[in-house]
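Below: the structure, in structure tokens.
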Number of protein chains: 2
Amino acid sequence: MSDRIVTTSVQRAELAKRTGSNLETVRYYEKAGLMPEPQRNRSGYRIYGDYHIRRLRFILRARELGFTLEEVRGLLALVDGGHQTCAEVQARTERHLADVRAKIADLKRIERVLAKTTSACSGLDVPDCPILETLNSERTIRRRAK
Amino acid sequence: MSDRIVTTSVQRAELAKRTGSNLETVRYYEKAGLMPEPQRNRSGYRIYGDYHIRRLRFILRARELGFTLEEVRGLLALVDGGHQTCAEVQARTERHLADVRAKIADLKRIERVLAKTTSACSGLDVPDCPILETLNSERTIRRRAK
DNA sequence: GTAGGGTCTGTAGTAACTACAGACTCAAGA
DNA sequence: TCTTGAGTCTGTAGTTACTACAGACCCTAC
């Protein structure tokens with residue numbers, strides 16, 4: 001009785017629902033090559049099993065962590081190769097972490113300028129405004145080069 | 001002699017160069033309705049004066065501060081109306097500042113997860129990897145709802 | 001006159017989705 | 001059985017904010 005195997009068979013919308021994603025995104029990832037094409041039923045409907053559920057979860061988690069699709073593709077290639085190493089995954093993740101930190105630094109810069117100018121703002125019904133002065137001035141902020 | 005008025009007349013690429021922007025972006029902003037269409041010379045070349053230089057600078061500064069084009073459009077409408085108030089500008093800027101802070105919070109969340117998992121990573125040539133475990137797990141991170 | 005570089009307009013591509021439309025499928029209800 | 005409404009399919013297009021390319025025209029130095 002315990003050797004009964006319960007396999008999952010869900011359609012696209014159900015897959016999206018189970019993974020907290022969007023059904024169109026599922027198709028998009030398939031088109032992008034991140035999700036392998038699943039089996040189909042007689043009507044041509046996609047039928048997903050456990051493998052696809054796991055795979056999609058991986059992709060979604062990585063996206064949530066801010067990895068680009070290309071970066072996700074790289075991680076998947078490591079995993080798919082079957083001989084990923086902790087070292088390689090770590091290298092990629094640290095690169096990504098550095099990007100995240102750079103973005104934070106950028107946003108903090110912006111936050112500082114905004115906070116400073118709004119606090120200098122009288123908030124009155126007057127036409128003079130430090131914020132507009134900032135926007136009208138020569139370059140005052142620095143952003144990380146793209 | 002001091003009543004000599006020097007007016008600026010530059011073409012698109014020069015305008016972009018003077019403002020540190022991209023000549024295609026200039027056209028894009030015109031198409032988007034943020035930059036009024038300038039005068040043209042006999043050949044049909046756009047000729048920009050001081051007004052346009054100032055206007056483009058405003059837009060670029062606002063973009064650097066992370067305002068969306070729609071938000072910039074709103075700020076410009078205030079300025080163009082000629083009776084902007086410090087109160088209204090401040091309200092919009094504070095809304096935007098709140099967005100920036102939310103983004104920072106999001107990224108910090110991501111940073112925390114990434115830093116934690118990479119530090120747990122042995123960095124060795126082994127197949128076990130906490131980062132992949134994180135990506136393979138059920139939802140572990142929370143993001144601000146879009 | 002020629003050549004090379006600049007400007008024009010229009011269109012398309014990028015990244016990462018998201019939505020829509022017409023055609024087909026499915027299942028419940030009359 | 002037929003109808004209806006919802007679901008799935010494929011293909012295409014739209015969003016945001018750019019960026020690039022192509023063919024046609026303009027400009028200037030040689």
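Chain naming here is simple, since letters A, B, ... match the order of the sequence lines and numbering starts at 1 in each. Being a predicted model, the structure only gives us computed values, none of them experimental. Hydrogens, waters and symmetry mates play no part in the numbers below; they use all other heavy atoms, side chains included.
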Notebook entry, point to check: Is the closest basic N to carboxylate O distance between Lys103(B) and Asp106(A) below 4.0 Å?
Noted result: no
Worksheet item: Taking OP1 and OP2 of dA19(C), is either one under 4.0 Å from a side-chain nitrogen or oxygen of Tyr28(A)?
Response: no
Do Arg27(B) and Glu30(B) meet the salt-bridge criterion of a basic N to acidic O distance under 4.0 Å? no
CG (Leu114(B)) and CD1 (Ile131(B)) are apart, to the nearest 0.5 Å, by 8.0 Å
Quick note, Thr25(A) side chain, CB onward, closest among dT8(D), dC17(C), dC18(D) is dC17(C)
query = At under 4.0 Å between heavy atoms, what does Phe67(B) touch on the DNA or RNA strands: base, sugar-phosphate, or nothing?
reply = nothing
Separation of dG7(D) atom P from Ile47(A) atom CD1, nearest Å, is 16 Å
Rounded to whole Å, the CD-P distance (Glu14(A) to dT8(D)) equals 9 Å
From CD of Gln11(B) across to P of dG5(C) the rounded distance in Å is 17 Å
In this structure, CG of Asp99(A) is separated from CZ of Phe67(A) (nearest 0.5 Å) by 10.0 Å
If each end axis of the helix from dG1(C)-dC30(D) to dA30(C)-dT1(D) is fitted on five C1' pair positions, the angle between them, to 10 degrees, is 30°
Taken to the nearest 0.5 Å, the spacing of Arg63(B) CZ from Thr68(B) OG1 works out to 7.5 Å
Between Leu23(B) and Arg27(A), the residue closer to the 5' end of DNA chain C by nearest nucleotide is Leu23(B)
Quiz item: Is it true that Glu111(A) and Lys108(A) make a salt bridge, defined as a side-chain N closer than 4.0 Å to a carboxylate O?
Solution: no
To the nearest angstrom, the CD1-C1' distance between Ile59(B) and dC18(D) comes to 14 Å
Sorted by position of nearest nucleotide on DNA chain D, 5' first, the leading residue of Thr68(B) and Glu30(A) is Glu30(A)
Side-chain contact check for Glu24(A): nearest option of dC8(C), dT18(C), dA20(D) is dT18(C)
List the atom pairs, with distances to 0.1 Å, where a side-chain N or O of residues 35-43 of chain A and a protein N or O form a donor-acceptor pair under 3.5 Å, not counting sequence neighbours.
from     : atom 1 : to       : atom 2 : distance (Å)
Glu37(A) : OE2    : Arg40(A) : NH2    : 3.3
Arg40(A) : NH1    : Gly44(A) : O      : 3.0
Asn41(A) : OD1    : Ser43(A) : N      : 2.9
Asn41(A) : OD1    : Gly44(A) : N      : 3.1
Asn41(A) : OD1    : Tyr45(A) : N      : 2.9

Looking only at dT10(D), dA17(D), dC17(C), the nucleotide nearest the Arg63(A) side chain is dC17(C)
From CZ of Arg12(A) across to C1' of dA6(D) the rounded distance in Å is 14 Å
Between OH of Tyr45(A) and C1' of dT8(D) the distance, given in whole Å, is 4 Å
**Request:** Look at the side chain of Thr19(A) and the backbone N and O of Leu15(A), then say whether any donor-acceptor pair between them is shorter than 3.5 Å.
**Result:** yes
Would you call Glu71(A)-Arg92(A) a salt bridge at under 4.0 Å N-O? no
Rounded to whole Å, the CG-C1' distance (Leu69(A) to dA16(C)) equals 6 Å
Contact check, residues 32-43 of chain B vs DNA chain C, heavy-atom distance under 4.0 Å, returns Arg40(B)
Tyr48(B) atom OH is separated from dC8(C) atom C1', nearest whole Å, by 11 Å
Side-chain contact check for Arg46(B): nearest option of dC8(C), dC9(D), dT19(D) is dC8(C)
One should read off an interatomic distance between His52(B) NE2 and Ser9(B) OG, to the nearest 0.5 angstrom, of 12.0 Å
